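Not measured: the values here are computed from a predicted model.
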There are 2 protein chains.
Amino acid sequence: MVPQTPETESTRSINFLASAMPAEETLSELADLFHVLGDLTRIRILCALSISELRVSEIAELLSMSSSAISHQLRVLRQARLVRLTRKGRSSIYALDDDHVRTIFDQGFRHVRHSAPWGKDNSHA
Amino acid sequence: MVPQTPETESTRSINFLASAMPAEETLSELADLFHVLGDLTRIRILCALSISELRVSEIAELLSMSSSAISHQLRVLRQARLVRLTRKGRSSIYALDDDHVRTIFDQGFRHVRHSAPWGKDNSHA
DNA sequence: ATGATATATGAATATGTGAGCATATGTGCA
DNA sequence: TGCACATATGCTCACATATTCATATATCAT
């Protein structure tokens, strides 16, 4: 039996690549993580929390946004395990979940710095 | 002249925080970077390119998607300076723009691994 | 208990976006 | 030149999502 589509050089490479790719679920979780980080409001929240623990109302004031909007976004950050919450009286104190959230941040900063200003050359146009 | 809103302890903290925050434009660029990374298709493309340089058609075959869809996403990745393109005959060869794209990736992986499986405890519910 | 304060959540809406289709551009070959 | 191949790009639509508004829940003070 001859296969209907002959195995070209390229096809062999593709098959090798496919086997070298991480599990789809891992990639999906990675995309989800970055997706959560890919919003200015959430970045601002995380940045603030990287300096100090804060209550919802404090974040709201700092960012000049409604407590409701902040609370919604904190929920997203919580579900992504990027922030952690401890109750204190009527307030909820939010903090970065752990230090490598900061590390991911730093890497991002480094990239932004490294490739800024935009338009350094035109090989990306 | 007495200010209409008295400067509370909290307000002072907020003012300090505000001054400690990076420039809004920097945060915006950071959010943009993560936003580009926050898509499964683009993650799969970057992951493939982290293994080997590839042509558009090869990526399309690997991911079982149309060349058009891949080309669209490669444009986004190009504009974010995450991939670089060199022409070779009729083809376009794509590659990761530089190594710290890989580093950002690795940090992401580390986070995903570290906090997986989901539901380890319920402090994030 | 009652009211005041802090946060959380549900619904509605406006904005953004990924993929498909059609088409354009560009390259190699007869 | 004319054709085939590889990639790029408008356009459109279905779907996702960030904020607002209204409301619910929880805690403290009187």
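Counting only heavy atoms from C-beta on, M65(A) has its side chain closest to dT19(D) among dT19(D), dG18(C), dT27(D). You'll find that the side chain of R87(A) is closest to dA8(C), out of dA29(D), dA8(C), dA8(D).
Between S68(A) and dT9(C) there is no side-chain N or O to OP1 or OP2 distance below 4.0 Å. Side-chain nitrogen and oxygen atoms of R90(B) include none within less than 4.0 Å of the OP1 or OP2 phosphate oxygen of dC29(C). The side chain of Y94(A) places no N or O atom within less than 4.0 Å of a non-bridging phosphate oxygen (OP1 or OP2) of dA6(C). Between R42(A) and the phosphate of dA18(D), there is a side-chain N or O to OP1/OP2 separation shorter than 4.0 Å. For dT17(D), one of the phosphate oxygens OP1 or OP2 lies less than 4.0 angstrom from a side-chain nitrogen or oxygen of H35(A). Of the side-chain N and O atoms in R44(A), none sit less than 4.0 angstrom from OP1 or OP2 of dA18(D). Taking only side-chain nitrogens and oxygens, S66(B) comes nearer than 4.0 Å to OP1 or OP2 of dG20(C). Put simply, S71(B) has no side-chain N or O that comes within less than 4.0 Å of OP1 or OP2 on dA6(D). A sub-4.0 Å separation between OP1 or OP2 of dT7(D) and a side-chain N or O of S57(B) is present.
To the nearest angstrom, P of dA6(D) lies 12 Å from CD1 of I93(B). Rounded to a whole Å, the CG atom of L40(A) is 18 Å from the P atom of dT15(C). Rounded to an integer number of Å, the gap from E61(B) CD to dA6(D) C1' is 14 Å. With rounding to whole Å, I70(B) atom CD1 is found 11 Å from dT7(D) atom P. At whole-Å resolution of the value, CZ in F34(A) and P in dT17(D) are 17 Å apart. Atoms CD1 (I59(B)) and C1' (dT7(D)) sit 12 Å apart, rounded to a whole Å. Rounded to whole Å, atom C1' of dA8(D) lies 8 Å from atom CZ of R78(B). Distance R75(A) CZ to dT19(D) C1': 15 Å, rounded to the nearest Å.
Between T41(A) and K88(A), it is T41(A) whose nearest contact on DNA chain D lies nearer the 5' terminus. Residue order along DNA chain D, read from the 5' end via each residue's closest nucleotide, puts V56(B) first among V56(B) and H72(B).
A distance-only check finds no donor-acceptor pair linking the side chain of S71(A) to the backbone of S68(A) [under 3.5 Å].
Here SG of C47(B) is found 10.5 Å from CZ of R102(B). Values are rounded to the nearest 0.5 Å. Summarising the geometry, atom CG belonging to L46(A) is positioned 10.5 Å from atom CG belonging to D97(A); distances are rounded to the nearest 0.5 Å. Residue S13(B) holds its OG atom at 9.0 Å from CZ of R55(A), rounded to the nearest 0.5 Å.
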### Task
Let me see the working for E58(B) and L62(B) under side-chain contact (heavy atoms from CB on, under 4.5 Å), right down to the final yes or no.
CA-CA 6 Å; E58(B) 290 173 323; L62(B) 175 65; over 6 Å; no

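Taking every heavy atom of both residues into account, Y94(A) and L49(A) meet most closely at O-CD2, 3.4 Å.
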